[in-house]
Amino acid sequence: LALFRVVPWDSVPATPYITFVDFVPMNYQSFSQWSRPHLMPLTYMRSLRMSKDLGPSFSLDELKPNTKPVADESKKPNALIDGWLIDKIVRYQNPLGCWGGYTTSTVFSLLAMVHFSEHSTRQQNKIKNAKSLGLNILRTLYLNPENGAYTGITCDGTNCDTMLSVTALLETGFQASELKESLEFVT
């Protein structure tokens, strides 16, 4: 909501960049799997107070907690400091083009990279390739009906859903032999 100026960025908790330094004892690798792909681009967006105006056709006025307009507070990125985080985001892209296997983290990462590339020439080729891969996976999932329905996760959610279901069934007393077809499906 802060990205679209519905609420001010100050209402969004900040994550310091030091969280993503590998040698710091408590860093992003200490958290859950999903935290890295989500937090890195969100941290960039929050730090630079990114703002997107979708125009009057895409108003989110019904979500505004008050009628006071939220000012555009966006900042230009620092090529060195913010570029370091963008480099990390690019490095963590999955081979299929997504970040962490989630649509939201993929969209957040694309937004952060687009913002950075609008203001800096650093890593333009790497960013261009990463954006192309990221947009391609989203296009495949949402705009290409030949590939079937969206499976809930950008890195083939059928495997994830099947593994979760098999685990739940095993925990409720099913025998592995009864789940042979499901286990073969994910291997």
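What's counted below: heavy atoms across the whole structure, side chains too, no hydrogens, waters or symmetry copies. Throughout, numbering of the chain's residues begins at 1 and tracks the sequence.
Side-chain contact annotation: S51 with R5, donor-acceptor N/O pair under 3.5 Å present.
Partners of S117 under the side-chain contact (heavy atoms from CB on, under 4.5 Å) rule, at least two apart in sequence or in another chain, are Q124, I127, K131. Remark: K88 pairs with D22 by the salt bridge (charged side-chain N to carboxylate O under 4.0 Å, His left out) rule, at least two apart or across chains. In this structure R122 satisfies the side-chain contact (heavy atoms from CB on, under 4.5 Å) test together with L80, D87, F116, S120, sequence neighbours excluded.
Between V107 and Y102 there is no side-chain heavy-atom pair separated by less than 4.5 Å. Residues S109 and Q93 are not in side-chain contact: their nearest non-hydrogen atoms beyond the backbone lie 4.5 Å or more apart. Side-chain contact between Y28 and T15 is absent, with no heavy atoms from C-beta onward closer than 4.5 Å. Contact of the L138 side chain with the T106 side chain is registered, since non-hydrogen atoms from C-beta on lie closer than 4.5 Å. Annotation: side chain of D10 is in contact with side chain of R46 (closest heavy-atom distance under 4.5 Å).
S11 places no side-chain N or O within 3.5 Å of a backbone atom of V7 that could act as its donor or acceptor partner. N94 contributes no side-chain N or O that, together with a main-chain N or O of G97, makes up a donor-acceptor pair within less than 3.5 Å. With hydrogens and angles disregarded, no donor-acceptor distance shorter than 3.5 Å links the side chain of E73 to the backbone of R49. Checked by atom type and distance alone, the side chain of D82 pairs as donor or acceptor with a backbone atom of N78 at under 3.5 Å.
Within 6.0 Å of the NZ atom in K52, the count of heavy atoms belonging to other residues, nucleotides or ligands exceeds 12.
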Could you go through W9 and M45, starting from their C-alpha distance and side-chain angles, then the distance that decides it, and tell me whether this counts as side-chain contact (heavy atoms from CB on, under 4.5 Å)? CA-CA 9 Å; W9 274 111; M45 292 173 9; 4.0 Å; yes

